Amino acid sequence: MDFVESTVEADGERLACTVVEPSAPARPLTALLMHGAGSGDRHRCLPLARELASAGCRAVVFDFAGHGASSGTLGELSLGRRARQARAVLERHAPVGPLLLVGFSMSGQTVADLVRMPELGVRTRVIGLCAPAAYAREVRELPFATPEFTNTLRAEGSWRSSTAFETFAAFGGRAVLVLPETDGVIPPGVTDALDAALRARPAAPYARLVLPGADHLLGRWLGERPGECARVAAELLAGGD
């Protein structure tokens with residue numbers, strides 16, 4: 001496989017990207033893998049991207065603004081900016097064709113935000129949600145460093161107004177929910193509500209994987225366990241696209 005490094009100008013920032021090209025492309029899908037918040041960056045997603053590429057699926061990973069090698073400040077980032085940056089990366093590296101969207105932690109919400117965009121929703125065949133989060137719709141455009149963002153997150157049950165639940169309940173493609181055995185970050189109610197939304201689609205394929213011994217930092221955990229990483233990749237591609 002080949003690794004192609006690039007930068008994408010998006011949302012006023014320069015985003016660092018890595019495209020993993022399979023040696024023998026065998027699938028029409030392009031996978032976009034998105035890291036979580038905090039210290040996350042694209043390198044956390046590379047082990048899973050490599051597994052997907054080994055199976056013939058082109059994969060793209062990138063650093064959101066304020067992360068890794070991208071420009072910008074983390075405190076100025078918002079959920080809305082994350083979605084716009086991800087869309088710009090897709091416009092550059094996967095402007096056409098079916099999509100597999102994979103989000104770790106905070107990027108579970110970003111997957112939902114992308115699927116809600118009509119031009120991307122119709123192209124998305126598979127979603128992978130890895131220890132996913134969901135956020136109140138009221139905080140979408142609030143910079144992470146603002147007190148309003150933090151105070152809303154701390155409010156009991158604020159996540160219930162997230163657009164993720166209705167978006168995933170209406171998604172007609174394959175969905176894979178990947179959960180750690182122990183998650184000290186995501187409230188159990190969020191996970192249960194996401195699971196219920198995905199199960200509410202009687203005609204759409206759905207798989208739920210619980211990884212024994214894993215914690216919330218699934219990208220790092222999978223990178224240290226090639227066998228488990230290969231298992232997740234196989235589940236994401238099980239639909240045959």
Side-chain angles (χ1 to χ4, degrees), residues 2-21 28-46 48-49 52-53 57-130 132-135 137 139-146 149 162-164 167-168 171 173 219 236:
D2 294 326
F3 295 80
V4 181
E5 304 293 336
S6 73
T7 57
V8 173
E9 300 290 336
D11 190 41
E13 306 293 354
R14 176 169 293 182
L15 308 179
C17 303
T18 302
V19 181
V20 188
E21 300 281 1
L29 283 174
T30 294
L32 179 69
L33 292 83
M34 296 171 285
H35 65 77
S39 61
D41 61 28
R42 72 190 190 280
H43 297 292
R44 294 269 182 92
C45 300
L46 272 176
L48 184 55
L52 293 170
C57 178
R58 184 168 178 266
V60 180
V61 300
F62 73 101
D63 293 332
F64 286 102
H67 294 265
S70 290
S71 68
T73 303
L74 178 57
E76 297 177 353
L77 194 60
S78 67
L79 292 165
R81 294 189 69 198
R82 272 176 145 257
R84 292 188 286 274
Q85 290 170 13
R87 179 176 61 186
V89 171
L90 286 171
E91 289 172 350
R92 168 72 178 278
H93 289 297
V96 297
L99 299 171
L100 160 58
L101 303 179
V102 179
F104 288 83
S105 193
M106 179 178 279
S107 286
Q109 179 68 55
T110 308
V111 170
D113 293 341
L114 294 177
V115 171
R116 286 178 68 85
M117 298 178 188
E119 71 278 15
L120 296 180
V122 297
R123 295 173 53 199
T124 303
R125 300 293 184 269
V126 187
I127 58 173
L129 305 171
C130 303
Y135 295 86
R137 66 183 69 202
V139 303
R140 175 179 168 80
E141 297 298 339
L142 293 179
F144 297 153
T146 61
F149 182 84
S162 173
T163 58
T167 300
F168 292 146
F171 176 64
L236 291 169

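Small disclaimer: the values here were computed from a predicted structure and weren't measured. All values below come from the heavy atoms of this structure, side chains included, with hydrogens, waters and symmetry mates left out.
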A.B. asks: Look at the rings of F149 and F144 and say which category their plane angle falls in: under 30° parallel, 30 to 60° tilted, over 60° perpendicular.
C.D. replies: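 Plane angle between 30° and 60°, so tilted.
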A.B. asks: Find out whether R116 and T163 are in side-chain contact, i.e. whether some heavy atom of one side chain is under 4.5 Å from a heavy atom of the other.
C.D. replies: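 Counting from C-beta outward, R116 and T163 do come under 4.5 Å.
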A.B. asks: Is the side chain of R87 donor-acceptor paired with the backbone N or O of L120 at a distance under 3.5 Å, no angle test?
C.D. replies: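 It does not hold such a pair.
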A.B. asks: Please name the pair of heavy atoms, one in G128 and one in L100, separated by the smallest distance, quoted to 0.1 Å.
C.D. replies: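 That closest heavy-atom pairing would be N-CD1, 4.5 Å.
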A.B. asks: Would you say the side chain of F62 lies within less than 4.5 Å of the side chain of T18, judging by non-hydrogen atoms?
C.D. replies: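 Heavy-atom side-chain distance check fails, nothing below 4.5 Å.
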A.B. asks: Do side-chain atoms of R137 reach the backbone of Y135 as a donor and acceptor pair under 3.5 angstrom?
C.D. replies: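 Not at all, since once roles are kept as given, no pair shorter than 3.5 Å links the two residues.
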A.B. asks: Taking all non-hydrogen atoms of both residues, which atom of D63 and which atom of G68 are closest, and how far apart?
C.D. replies: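 Result for this residue pair: OD2-CA, 3.4 Å.
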A.B. asks: Report yes or no: does H35 contribute a side-chain atom to a donor-acceptor pair with the main-chain N or O of R44 at less than 3.5 Å?
C.D. replies: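 Here the side-chain-to-backbone pair does not exist.
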A.B. asks: If you take all heavy atoms of G108 and P132, which pair is closest and at what distance?
C.D. replies: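 Nearest heavy atoms, G108 then P132: CA-CB, 4.0 Å.
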A.B. asks: May I ask you to say whether R84 pairs ionically with E141, meaning some side-chain N is under 4.0 Å from a carboxylate O?
C.D. replies: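 Here R84 pairs with E141 in a salt bridge, since their nearest N and O are under 4.0 Å apart.
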A.B. asks: Which of these, V60, D2, T30, sits in a side-chain contact (heavy atoms from CB on, under 4.5 Å) with V19?
C.D. replies: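 Exactly one option meets the side-chain contact (heavy atoms from CB on, under 4.5 Å) with V19, and it is V60.
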A.B. asks: I'd like to check P95 versus L90 (side-chain heavy atoms, cut-off strictly below 4.5 Å). Are they in contact?
C.D. replies: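 No, too far: nothing below the 4.5 Å cut-off.
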A.B. asks: Out of curiosity, L236 CG to C130 SG, how far, rounded to the nearest 0.5 Å?
C.D. replies: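 Nearest 0.5 Å value for the CG-SG distance: 6.5 Å.
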A.B. asks: Which residue, T124, V111, V89, L99, forms the side-chain contact (heavy atoms from CB on, under 4.5 Å) with L32?
C.D. replies: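 The residue from T124, V111, V89, L99 that satisfies side-chain contact (heavy atoms from CB on, under 4.5 Å) with L32 turns out to be V89.
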A.B. asks: Return yes if some donor-acceptor pair links the side-chain N/O of S78 with the main-chain N/O of R81 below 3.5 Å, else return no.
C.D. replies: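 Here the side-chain-to-backbone pair exists.
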A.B. asks: Would you check if the side chain of D11 reaches a backbone N or O of E13 as a donor-acceptor pair within less than 3.5 Å?
C.D. replies: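 Checking the backbone N and O of E13 against the side chain of D11, no donor-acceptor pair under 3.5 Å is found.
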A.B. asks: For a salt bridge (Lys or Arg N to Asp or Glu O under 4.0 Å) check, start with the C-alpha distance between R140 and D113, then their side-chain angles and the critical distance, and finish with the verdict.
C.D. replies: CA-CA 10 Å; R140 175 179 168 80; D113 293 341; 3.2 Å; yes
A.B. asks: Could you check whether any side-chain N or O of D41 sits under 3.5 Å from a backbone N or O of H67, counting only pairs where one atom can act as donor and the other as acceptor?
C.D. replies: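 Between the backbone of H67 and the side chain of D41 there is no qualifying donor-acceptor contact (under 3.5 Å).
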A.B. asks: Taking A16's backbone N and O only, do any of them form a donor-acceptor pair with S70's side chain (distance below 3.5 Å, no angle check)?
C.D. replies: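 Yes; judged by distance alone, with no hydrogens or angles, the pair exists.
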A.B. asks: Does some side-chain heavy atom of M34 sit less than 4.5 Å from a side-chain heavy atom of F64?
C.D. replies: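 They are in side-chain contact.
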A.B. asks: Under the side-chain contact (heavy atoms from CB on, under 4.5 Å) criterion, do R58 and L29 qualify, and how do the steps go?
C.D. replies: CA-CA 7 Å; R58 184 168 178 266; L29 283 174; over 6 Å; no
A.B. asks: Which atom names give the shortest non-hydrogen contact between A65 and L77, and what distance separates them?
C.D. replies: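 Reported closest heavy-atom pair: O-CD2, 3.5 Å.
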A.B. asks: Which distance, rounded to the nearest 0.5 Å, do you find between the CG of L114 and the OG1 of T110?
C.D. replies: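 Here the rounded value is 6.5 Å.
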A.B. asks: With rounding to the nearest 0.5 angstrom, report the CZ to CG distance, F104 to L33.
C.D. replies: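 That separation rounds to 6.5 Å.
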A.B. asks: For a quick test of reading the model, state the closest non-hydrogen atom pair linking V61 to C45 and the distance between them.
C.D. replies: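 Residues V61 and C45, closest heavy atoms: CG1-CB, 3.7 Å.
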A.B. asks: Heavy atoms, side chains only, cut-off 4.5 Å: are S6 and H93 in contact?
C.D. replies: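 Yes - at least one pair of side-chain heavy atoms lies under 4.5 Å apart.
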A.B. asks: Find out whether L15 and T7 are in side-chain contact, i.e. whether some heavy atom of one side chain is under 4.5 Å from a heavy atom of the other.
C.D. replies: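 They are not in contact (no side-chain heavy atoms under 4.5 Å apart), so the answer is no.
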A.B. asks: Is there a side-chain contact between V8 and Q85 in this structure, where contact means two heavy atoms from C-beta onward sitting under 4.5 Å apart?
C.D. replies: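 The answer is no, as the side chains (C-beta and beyond) never meet within the 4.5 Å cut-off.
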A.B. asks: Look at E5 together with R42 and state whether they make a salt bridge at an N to O cut-off of under 4.0 Å.
C.D. replies: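 Yes.
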A.B. asks: Any non-hydrogen side-chain atom of Q109 less than 4.5 Å from a side-chain atom of S162?
C.D. replies: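 Q109 vs S162: side chains touch.
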A.B. asks: side-chain contact (heavy atoms from CB on, under 4.5 Å) between V126 and V102: does it pass, once the steps are laid out?
C.D. replies: CA-CA 8 Å; V126 187; V102 179; over 6 Å; no
